[in-house]
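Values in this document were obtained by computation on a predicted structure and should not be read as measured data. Excluded from the calculations below are hydrogen atoms, water molecules and symmetry mates; all remaining heavy atoms, backbone and side chain alike, are included.
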Amino acid sequence: MKKLVLKAMALTVILFGTTQTNLNAQVVEEGTAIFDVYYGFPNLYTTVLKSAYSNEPSVSVSGSGPIGVRGEYMLTDKIGFGLDINYTNTIAKWTDIVNSTSYNYEVSVPRFRAMGKFNFHFAQSDVFDAYTAVGAGYSSWKVNVTTNDPTYVDDTSLSTPIPIAFRLALGGRYFVTDNIGLGLEFGLGGGALIHGGLAIKL
């Protein structure tokens with residue numbers, strides 16, 4: 001995992017360096033709108049649960065996301081403001097047999113985040129855009145239990161203690177056409193360590 005993050009960061013630094021040769025040509029500028037659709041890695045909850053139950057073959061752990069969308073409007077040639085929304089889910093399943101009767105259990109932890117973000121675009125060329133970002137907003141999660149066990153009493157009341165999300169990030173977009181590009185973002189909080197996906201410029 002560490003090697004993957006280091007390689008991805010090195011690639012980003014190299015790409016950032018290439019933008020210094022043509023700073024006068026900006027791929028985004030004041031008035032530009034950019035939309036990103038992305039998928040993140042890793043799903044922290046899923047990773048932790050898979051590790052915790054790695055020696056329990058009867059427990060199946062799966063996850064999705066974070067999958068998200070971002071929209072940004074360039075207030076100036078260097079500063080953009082936007083909204084980042086993403087969804088993540090982690091699911092654990094197992095079966096207990098009591099008196100020859102099988103009872104199935106499923107525990108899911110869906111998470112939703114919506115954050116306002118300011119991006120500072122510090123390096124650009126005619127095809128590449130590098131930025132740093134800070135965001136804050138709303139976060140929620142809740143533990144849901146589904147089972148066919150008639151004696152089960154759902155006494156879980158676990159949910160978001162503090163409904164606040166934040167994110168600090170470093171990212172870049174490489175446009176393969178005038179309006180379509182590939183995006184990569186590294187960050188802490190508000191989703192996964194790495195987001196990658198499609199960027200559309202209007």
Side-chain angles (χ1 to χ4, degrees), residues 1-13 15-16 35-72 82-95 104-120 130-147 154-173 182-199:
M1 178 62 192
K2 289 182 179 179
K3 290 183 178 179
L4 175 63
V5 173
L6 289 174
K7 288 180 180 179
M9 291 181 69
L11 176 61
T12 304
V13 169
L15 290 173
F16 287 169
F35 295 91
D36 297 283
V37 179
Y38 64 84
Y39 196 88
F41 177 85
N43 181 326
L44 182 60
Y45 281 37
T46 301
T47 301
V48 170
L49 283 180
K50 281 185 175 181
S51 177
Y53 290 102
S54 61
N55 295 323
E56 297 287 344
S58 62
V59 180
S60 170
V61 179
S62 62
S64 60
I67 183 170
V69 293
R70 280 191 291 262
E72 178 185 4
L83 184 65
D84 189 335
I85 299 173
N86 64 60
Y87 173 84
T88 310
N89 196 12
T90 297
I91 299 172
K93 298 180 181 180
W94 70 93
T95 299
N104 300 317
Y105 298 85
E106 178 178 302
V107 179
S108 64
V109 187
R111 296 176 298 286
F112 172 81
R113 304 177 186 90
M115 298 170 287
K117 290 177 70 179
F118 278 101
N119 290 356
F120 174 68
Y131 63 88
T132 58
V134 58
Y138 174 77
S139 173
S140 71
W141 60 266
K142 188 177 187 304
V143 176
N144 300 313
V145 180
T146 303
T147 179
D154 187 358
D155 57 357
T156 61
S157 58
L158 295 175
S159 61
T160 314
I162 303 176
I164 297 175
F166 73 92
R167 186 168 177 83
L168 297 174
L170 170 68
R173 303 181 181 102
L182 302 175
L184 191 64
E185 183 177 292
F186 307 93
L188 297 174
L193 292 174
I194 303 173
H195 292 170
L198 185 68

Q) Distance from Leu170 atom CG to Phe120 atom CZ, nearest 0.5 Å? A) 12.5 Å

**Q.** Heavy-atom side-chain contact between Thr88 and Pro110 under 4.5 Å
**A.** no

Q: Please examine the side chains of Thr46 and Val48, heavy atoms only from C-beta on, and report whether any two atoms are closer than 4.5 Å.
A: no

Q | Step-by-step side chain to side chain contact (heavy atoms under 4.5 Å, CB included) determination, Ser108 to Asn89 | A | CA-CA 7 Å; Ser108 64; Asn89 196 12; 3.9 Å; yes

Q. Does the side chain of Ile85 come within less than 4.5 Å of Phe112's, by heavy atoms?
A. yes

Q. Minimum heavy-atom separation for Pro42 to Ala192, with atom names?
A. O-CB, 3.4 Å

Q: Nearest 0.5 Å please: distance from the OG1 atom of Thr146 over to the OH atom of Tyr105.
A: 12.0 Å

**Q.** Min side-chain heavy-atom separation Thr90-Leu49 under 4.5 Å
**A.** yes

(Q) If I take atom CG from residue Asp36 and atom CG from residue Leu198, how far apart are they, to the nearest 0.5 angstrom? (A) 8.0 Å

(Q) Please check: side-chain N/O of Arg113 versus main-chain N/O of Arg111, any donor-acceptor pairing under 3.5 Å? (A) no

Q. When rounded to the nearest 0.5 angstrom, what distance separates CD in Glu106 from CD1 in Ile91?
A. 5.0 Å

Q: Indicate yes or no for a side-chain donor-acceptor contact from Thr47 to the backbone of Asn43 under 3.5 Å, with no hydrogens or angles considered.
A: yes

Q: For the pair Tyr45 and Trp141, name the ring-plane relationship: parallel under 30°, tilted 30 to 60°, perpendicular over 60°.
A: perpendicular

Q: Please name the pair of heavy atoms, one in Lys117 and one in Ala133, separated by the smallest distance, quoted to 0.1 Å.
A: CE-CB, 3.7 Å

Q. Looking only at heavy atoms, which two atoms of Glu185 and Tyr131 are closest? And how far apart?
A. OE1-OH, 2.7 Å

I'd like a table of donor-acceptor pairs (distance under 3.5 Å, sequence neighbours excluded) in which one partner is a side-chain atom from residues 62-72, with atom names and distances.
unit_1, atom_1, unit_2, atom_2, d
Arg70, NH1, Asp84, OD2, 3.4
Arg70, NH1, His195, ND1, 3.1
Glu72, OE1, Asn119, ND2, 3.0
Glu72, OE1, Arg173, NH2, 3.1
Glu72, OE2, Asn119, ND2, 3.4
Glu72, OE2, His121, NE2, 2.5

Q: Consider only side-chain N and O atoms of Asn86 and Tyr38, and report whether a donor and an acceptor are under 3.5 Å apart.
A: yes

**Q.** Main-chain N/O of Asn104 paired with Thr147 side-chain donor or acceptor, under 3.5 Å
**A.** yes

